[in-house]
Amino acid sequence: MLDINYIRLNQVEVMNMLHQRQLAVEVPRLQELLDLDKERKELVQRSDDQKALRNKVSKEVADIKKSGQGSAEELIVRMKSVSEEIALMDNRLSQLEEEMESILLALPNKLHSSVPAGKSAAENEVFGEPVTFVHNLDFPVKNHLELGKSLGILDFERGAKVSGAGFPAYMGKGARLERALINFMLDMHTENHGYTEVFPPFFVNRESLRGTGQWPKFADQVYHMQEDDLYAIPTAEVPVTNLHRGEMLDNGALPISYAAYSACFRREAGSYGKDTRGFLRVHQFNKVEMVKFTRPEESYEALEQIRRNAEAILIALKIPYRVLLLCSGDISANAAKCYDIEVWSPAEQKYLEASSCSNFEDYQARRANIRFKPNGKSKPEFVHTLNGSGLATSRLMVSLLEHYQTAEGNIRVPEVLRHYTRFDEITAP
RNA sequence: GGAGGAUUAGCCUAAUUGGUAAGGCAGCAGUCUUGAAAACUGCCGGGUUCACGCCCAUGGGGGUUCGAGUCCCUCAUCCUCCGCCA
């Protein structure tokens, strides 16, 4: 959420930002917001004046009653009508504030100056050089579906029977490999990168979704448990960031870094037909997420850290990847700056998104009211929040299986995972 | 699911039969000091104002009242107990 004072003072910047994000349709809403803001300010002033009067006269009533001298009847009658007037104005005020909030919640974040201008994903910039590793795939490669089926480690059909399409079951050594990946990533982040491990709740309330910005924008992409009004998390970002919702963080404790495993649930409504085979798009997948809370001046260095921490996983696994700096037309509404990390799929012959690393600046912190007291100041400020996948296992698994397949159709386990799998190879049963 | 108790600012704690939130700690700035501590002064929830000030804020939301931390309803969370269940 943007600060209404910021919007009022920087209307041109906000309008430019909307155009850069290809969201020109929101511009009329911006004007609507400013009109509401103006009406609200005037009404607050009038309501406050009447409240001041009521407070003053109520004190006089108290004095009269205490001293027992004279009658307060007339004052009480007058204040009764003043109170009714105040109630009318305050009703209109809460109406105005509700309308303003619904616009504010839908407005996207500012863009960082380093975000390239662009209309769509086609204009994202490749950041640095693609990183490659030698895998001798000098034979016809199988895709992850064929490998998963022939080795008996992935069962999409039975997963579909149990739940529906997009709910894969991992079997035998496939299940162990998945668990190994998760453990390896968590250990790396906690032992080498300084993150504190969190095992978060998988269902959250609406306040939490609103705090991180999934509500109201992506409400239709989240599974909802109606009976208890809970939502299945689309990413650990939601519960982990909201751990500190409404809190005043200790300045000395910043920056705070959390790494969390969670299952992630996404309805993926409306996205059928595109990249839907196998693991390319699923309703449930596993992910290790990194979340940071920082002082504002430290957040962009923290973003680079998160990106490097995610890359470190791929380097250790020797999986080829590239980093994209998302352009203004493709970056998500909540983020001020975002890197995507994509792994190479030899079977698909294309890159697949496996991580997204974002700086939200104070956009989420303002929604979720997460503050701290800076050194040398007594007034609280909003922290900056960041997160990055480190990483999502589904597409990582696609690339891993495909890169580590042998001519015989077996899978060699990457060196760094053998400690976790306690087997070196997956062979057909 | 049922019964009782609790929730006041970053933390801790007050507030007559309803009369308009008082303190303490921590933190920050300053005075003093060679430096620090101590002591002293100011700041120390949000909004608005050049400022004085004014308004809001006692877990959330309603209600009664001229006036609600206080009375009523409701929801949430925590604690204790009962019931049910893994």
Side-chain angles (χ1 to χ4, degrees), chain A residues 1-9 33-34 36-102 104-105 200-211 215 225-231 239 242-256 293 295-297 362 365-383:
Chain A
M1 191 157 67
L2 296 178
D3 182 4
I4 182 68
N5 291 314
Y6 169 82
I7 296 174
R8 197 185 304 119
L9 296 171
L33 176 69
L34 290 164
L36 290 167
D37 177 50
K38 188 154 175 265
E39 188 185 346
R40 183 188 154 273
K41 284 192 85 158
E42 289 166 3
L43 196 53
V44 163
Q45 191 55 56
R46 287 203 287 138
S47 170
D48 279 3
D49 286 348
Q50 290 300 81
K51 283 173 184 166
L53 174 66
R54 183 178 64 185
N55 287 340
K56 185 167 148 272
V57 174
S58 284
K59 266 184 191 137
E60 291 171 20
V61 170
D63 289 342
I64 290 172
K65 294 215 163 178
K66 239 184 266 171
S67 67
Q69 309 254 319
S71 163
E73 240 353 89
E74 189 204 339
L75 293 178
I76 288 174
V77 170
R78 260 173 57 205
M79 285 313 104
K80 201 177 172 76
S81 76
V82 166
S83 276
E84 281 163 11
E85 231 179 293
I86 290 171
L88 280 177
M89 284 191 278
D90 282 358
N91 278 342
R92 174 63 186 151
L93 267 179
S94 43
Q95 218 178 69
L96 286 170
E97 276 159 11
E98 206 174 300
E99 286 172 42
M100 287 176 67
E101 180 168 274
S102 79
L104 275 171
L105 284 174
F202 289 1
F203 295 165
V204 295
N205 54 33
R206 189 175 303 172
E207 272 310 301
S208 293
L209 281 186
R210 184 209 298 266
W215 186 276
M225 258 121 321
Q226 204 164 9
E227 194 76 6
D228 299 289
D229 202 17
L230 288 170
Y231 298 82
N242 278 285
L243 285 176
H244 292 304
R245 172 152 51 84
E247 291 187 14
M248 182 78 68
L249 299 179
D250 180 6
N251 181 38
L254 296 174
I256 294 172
F293 303 80
R295 300 178 191 92
E297 65 272 19
D362 64 4
R366 180 171 284 108
R367 283 170 170 257
N369 192 27
I370 307 171
R371 298 174 298 164
F372 77 109
K373 280 189 187 173
N375 260 342
K377 294 184 187 169
S378 57
K379 288 247 179 206
E381 286 181 21
F382 292 110
V383 298

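Throughout, a chain's letter reflects where its sequence line sits, starting with A, and its residues are numbered from 1.
With sequence neighbours left out, the salt bridge (Lys or Arg N to Asp or Glu O under 4.0 Å) criterion links A:Arg366 to A:Asp362. Under the ring pair (Phe, Tyr, Trp, His ring centres under 6.0 Å) criterion, A:Tyr231 pairs with A:Trp215, A:His224, sequence neighbours left out. Taking the side-chain contact (heavy atoms from CB on, under 4.5 Å) definition, one finds that A:Tyr6 meets it with A:Asp3, A:Asn10, A:Glu13, A:Val14, A:Lys110, sequence neighbours left out. For A:Asn5, the side-chain hydrogen bond (donor to acceptor under 3.5 Å, both in side chains) criterion is met by A:Arg8, not counting sequence neighbours. Every residue meeting the salt bridge (Lys or Arg N to Asp or Glu O under 4.0 Å) condition with A:Glu97, not counting sequence neighbours, appears here in chain and number order: A:Arg40. Applying the side-chain hydrogen bond (donor to acceptor under 3.5 Å, both in side chains) test to A:Asn251 and every residue at least two apart in sequence or in another chain returns A:Arg295, A:Asn375. Remark: A:Glu381 engages A:Lys377 in a salt bridge (Lys or Arg N to Asp or Glu O under 4.0 Å) (not counting sequence neighbours). For A:Arg46, there are no salt bridge (Lys or Arg N to Asp or Glu O under 4.0 Å) partners two or more places apart in sequence or in a different chain.
Here the separation of B:C32 from B:C40, taken at their C1' atoms, is 9 Å to the nearest Å. The C1' atoms of B:U13 and B:C25 are separated by 10 Å, rounded to the nearest whole Å. Comparing the C1' positions of B:A21 and B:U16 gives a spacing of 16 Å, expressed to the nearest Å. Here the separation of B:C54 from B:C44, taken at their P atoms, is 15 Å to the nearest Å. Of the C1' atoms belonging to B:C71 and B:U65, the separation is 10 Å, rounded to the nearest Å. To the nearest whole angstrom, the two P atoms, one in B:G30 and one in B:C79, are 44 Å apart. Taking atom C1' in both B:G18 and B:G63, the straight-line distance is 15 Å, to the nearest Å. Nucleotides B:A22 and B:U70 have their C1' atoms positioned 16 Å apart, rounded to a whole Å.
At whole-Å resolution of the value, CZ in A:Arg206 and P in B:C75 are 18 Å apart. At whole-Å resolution of the value, CG in A:Asp90 and P in B:G63 are 11 Å apart. For A:Asn369 and B:A9, the CG to P distance is 13 Å, given to the nearest whole Å. Rounding to whole angstrom units, CD of residue A:Glu381 and C1' of B:G27 are separated by 15 Å. Following rounding to the nearest Å, A:Glu98 (CD) and B:G61 (P) show an atom-to-atom distance of 13 Å. As rounded to whole Å, 14 Å separates atom C1' of B:C28 from atom CG of A:Asp250. To the nearest angstrom, C1' of B:C28 lies 14 Å from CZ of A:Phe372.
Residues A:Asp37 and A:Lys41 are in side-chain contact: their nearest non-hydrogen atoms beyond the backbone lie under 4.5 Å apart. Side-chain contact between A:Leu243 and A:Pro200: absent, with no pair of heavy atoms (C-beta onward) separated by less than 4.5 Å.
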Using a 3.5 Å cut-off and no angle test, enumerate the donor-acceptor pairs between side-chain atoms of residues 54-62 of chain A and protein atoms at least two apart in sequence or in another chain.
unit_1  : atom_1 : unit_2  : atom_2 : d
A:Arg54 : NH1    : A:Ser83 : OG     : 3.1
A:Asn55 : ND2    : A:Lys51 : O      : 3.4
A:Ser58 : OG     : A:Arg54 : O      : 3.0

For nucleotides 12-19 of chain B, give me every protein contact, N/O to N/O, under 3.5 Å, one pair per line with atom names.
unit_1 : atom_1 : unit_2  : atom_2 : d
B:G19  : N2     : A:Ser58 : O      : 3.1

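RNA chain B contains the following stems of three or more consecutive Watson-Crick or G-U pairs, with both distances under 3.5 Å: B:1-7 with B:76-82, B:10-12 with B:23-25, B:27-31 with B:39-43, B:45-48 with B:53-56, B:59-63 with B:71-75.
The backbone N or O of A:Arg78 sits less than 3.5 Å from a side-chain atom of A:Ser81, completing a donor-acceptor pair.
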For nucleotides 45-57 of chain B, just jot down a letter per nucleotide in 5' to 3' order: B, S or -, based on protein non-hydrogen atoms under 4.0 Å. -SBSS----SSS-
